[in-house]
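Presented below is the structure to which this report refers.
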Protein chains: 2
Amino acid sequence: MTIVKDATLHQRILGDIEARIVSGEWPPGHRIPFEVDLAADYNCSRMTANKVLTQLAKSGLIERRKKSGSFVAQPRAQSAVLAIAEIEAEVQSLRLAYSHSVHARTKRRANADDKQRLELSEAASVLDITSIHHAASAPFCLEERLISLATVPEAEAETFAKISPGTWLLKQVPWSAAENRISAVSADASVAGLLDIEKGTACLVIERRTWSPAGPVTSVRLTYPGDRHALVARFAPGGEG
Amino acid sequence: MTIVKDATLHQRILGDIEARIVSGEWPPGHRIPFEVDLAADYNCSRMTANKVLTQLAKSGLIERRKKSGSFVAQPRAQSAVLAIAEIEAEVQSLRLAYSHSVHARTKRRANADDKQRLELSEAASVLDITSIHHAASAPFCLEERLISLATVPEAEAETFAKISPGTWLLKQVPWSAAENRISAVSADASVAGLLDIEKGTACLVIERRTWSPAGPVTSVRLTYPGDRHALVARFAPGGEG
DNA sequence: TTGGCTATAATGTATATACATAATGATCGG
DNA sequence: CCGATCATTATGTATATACATTATAGCCAA
């Protein structure tokens with residue numbers, strides 16, 4: 001049984017249309033009622049219908065064309081929302097004790113590889129931190145991070161003994177853009193040693209680059225033992241789900 | 001230089017606020033102007049300001065509390081949008097010739113494993129298809145798919161010789177919910193043989209389960225050689241970007 | 001037939017207004 | 001001094017209206 005919390009008109013219209021699209025009653029390409037007709041059907045103003053259809057268009061469920069009307073969209077690329085949590089939160093949601101240790105920490109002038117990873121044009125100082133996240137005292141994830149000291153000079157004074165670089169940066173750099181690259185690699189001897197796994201074990205690798213308006217912030221490579229970990233992304237036509 | 005297409009008032013207000021949040025001028029926790037004040041600043045109606053703030057709240061950049069006002073949100077889990085394209089489109093975007101071959105195709109009553117993968121409660125018929133996607137005649141991706149014939153009986157008549165199961169299903173089942181699970185595994189002998197890679201090579205695995213209102217549709221396991229492939233997900237505070 | 005003009009139909013954006021809702025803060029009685 | 005009540009304030013939702021924008025269709029003339 002579904003409990004229907006007495007919904008707003010907006011939600012009701014939205015839900016009705018979504019249901020018809022998702023059920024296949026209105027297949028892709030089908031023209032859905034004009035705003036004025038919807039307004040008449042629900043005995044509401046056109047603005048209300050408009051807002052619903054605008055939202056459906058933004059979520060990709062319908063396409064709107066002036067003069068022609070609104071049409072159910074073709075479901076194309078699965079666009080799923082991937083929530084990449086902070087590692088500490090992730091570990092704690094597994095009800096395991098979290099800890100973090102810094103394995104190496106060096107400051108240097110950016111070399112060619114650093115420049116490419118951070119998309120730096122000139123030589124600048126970077127901080128290179130290798131650390132390990134533990135869940136219940138077992139290695140959970142290897143973090144290899146580069147921080148651009150030109151953008152975040154405060155990082156130089158931080159040892160990251162008490163707070164992980166990711167969490168620290170989240171507090172330092174309020175909101176930023178990021179690019180995540182997900183791939184699979186075999187653990188080499190060094191990675192295997194740090195994560196306490198067999199050499200050659202498949203690992204899930206997330207490489208994330210982060211920018212603020214002031215410039216490149218950080219580039220991080222997170223290596224998870226593949227047999228212990230998976231990322232989950234959900235997709236639902238309406239949006240939340 | 002940035003070309004500014006003469007934007008609507010809505011976009012201008014939205015952009016201004018986003019810029020101030022992203023730049024750190026308005027840090028997390030900062031109270032942003034009330035709707036009426038924003039309306040006064042931009043010489044517009046409260047409705048226009050309201051729509052902008054509502055959108056910012058939906059995108060997670062701000063939090064709104066009645067009576068108190070609207071506040072810049074704390075950036076929490078990186079929520080990135082992961083676009084999982086159709087394999088054929090993906091290959092063609094690499095400017096490579098696409099082809100697809102079915103390696104095995106069997107119909108059977110669902111066994112225990114099938115039931116778990118499709119979340120079936122009763123025994124029902126399923127179609128099990130193993131196929132390989134090629135890019136420029138080299139194996140690109142291994143697809144192991146289970147289709148619930150109770151939900152999609154039409155699949156039984158289809159050989160999938162000319163059209164891949166994914167593409168076919170996309171046409172059959174208009175809109176549906178999905179769960180994607182991304183992990184890393186080492187190729188076993190069988191997978192290595194089919195993908196023409198060394199045994200033990202790390203592979204990126206996407207397991208996707210799809211539901212329609214009529215029930216479970218399909219469960220597919222896509223295995224990509226990890227050294228040739230990566231998924232990219234982007235995150236930008238505003239939304240599109 | 002063809003090219004271009006125009007009317008029209010649908011969406012896109014914005015306004016002014018109204019009332020509902022919810023949380024805060026102040027007032028007042030015990 | 002505590003606690004209930006009530007006014008205030010900011011957001012939430014919806015309406016009616018206006019005008020802009022744009023793609024389509026139809027008309028008319030060269």
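Lettering follows sequence order; numbering is per chain, from 1.
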Query raised in the report: Does the side chain of A/E207 pick up a donor-acceptor pair with the side chain of A/S219 at under 3.5 Å?
Result: no
Query - Presence of salt bridge, A/E154 and A/K171, under 4.0 angstrom - result: no
Query raised in the report: Residues two or more places apart in sequence or in another chain: which of them pass side-chain hydrogen bond (donor to acceptor under 3.5 Å, both in side chains) with A/W168?
Result: A/E158
Query raised in the report: Do B/H10 and B/Q55 meet the criterion of a side-chain donor-acceptor pair at a distance under 3.5 Å?
Result: yes
Query raised in the report: Considering the options B/T54, B/T48, B/V52, B/L53, which one meets the side chain to side chain contact (heavy atoms under 4.5 Å, CB included) requirement together with B/N50?
Result: B/T54
Query - B/R64 side-chain N/O to D/dG12 phosphate OP1/OP2 under 4.0 Å - result: yes
Query raised in the report: What's the verdict on side-chain contact (heavy atoms from CB on, under 4.5 Å) for A/L231 and B/S183, showing C-alpha distance, side-chain angles and the deciding distance?
Result: CA-CA 6 Å; A/L231 284 168; B/S183 57; over 6 Å; no
Requested in this report: Please state how far atom NZ in B/K58 lies from atom C1' in D/dT11, giving the value in whole angstrom units.
Outcome: 15 Å
Query raised in the report: Would you find more than 12 non-hydrogen atoms of other residues, nucleotides or ligands less than 6.0 Å from B/Q116 atom CD?
Result: no
Requested in this report: Identify, residue by residue, the members of residues 28-42 of chain B with a heavy atom below 4.0 Å from DNA chain C, and return them in order of residue number, or none.
Outcome: none
Requested in this report: Answer with yes or no whether the side chains of A/S131 and A/R145 bring together a donor and an acceptor at under 3.5 Å.
Outcome: no
Provide a list of protein-nucleic acid N or O atom pairs under 3.5 angstrom, restricted to nucleotides 25-27 of chain D.
none

Query raised in the report: Is the closest side-chain donor-acceptor distance between B/S70 and B/R64 under 3.5 Å?
Result: yes
Query raised in the report: Taking NZ, NE, NH1 and NH2 as the nitrogens, is one of them in A/E179 or A/R208 under 4.0 Å from a carboxylate oxygen of the other?
Result: no
Query raised in the report: Does anyone know the first and last nucleotide of DNA chain C in reach of chain A, 5' to 3', at under 4.0 angstrom to a heavy atom?
Result: C/dT8 to C/dA14
Requested in this report: Apply salt bridge (Lys or Arg N to Asp or Glu O under 4.0 Å) to B/R65 and list each qualifying residue two or more places apart in sequence or on a separate chain.
Outcome: B/E63
Query raised in the report: Of all of residues 43-54 of chain B, which get a heavy atom below 4.0 angstrom from DNA chain D, listed by number?
Result: B/R46, B/M47, B/N50
Report task. From the options B/H133, B/E90, B/E88, select the one residue that forms a side chain to side chain donor-acceptor pair (under 3.5 Å) with B/Y98. Result -> B/H133
Report task. Quick one: do A/S176 and A/W211 satisfy side-chain contact (heavy atoms from CB on, under 4.5 Å)? Show the steps, please. Result -> CA-CA 6 Å; A/S176 50; A/W211 293 265; 5.8 Å; no
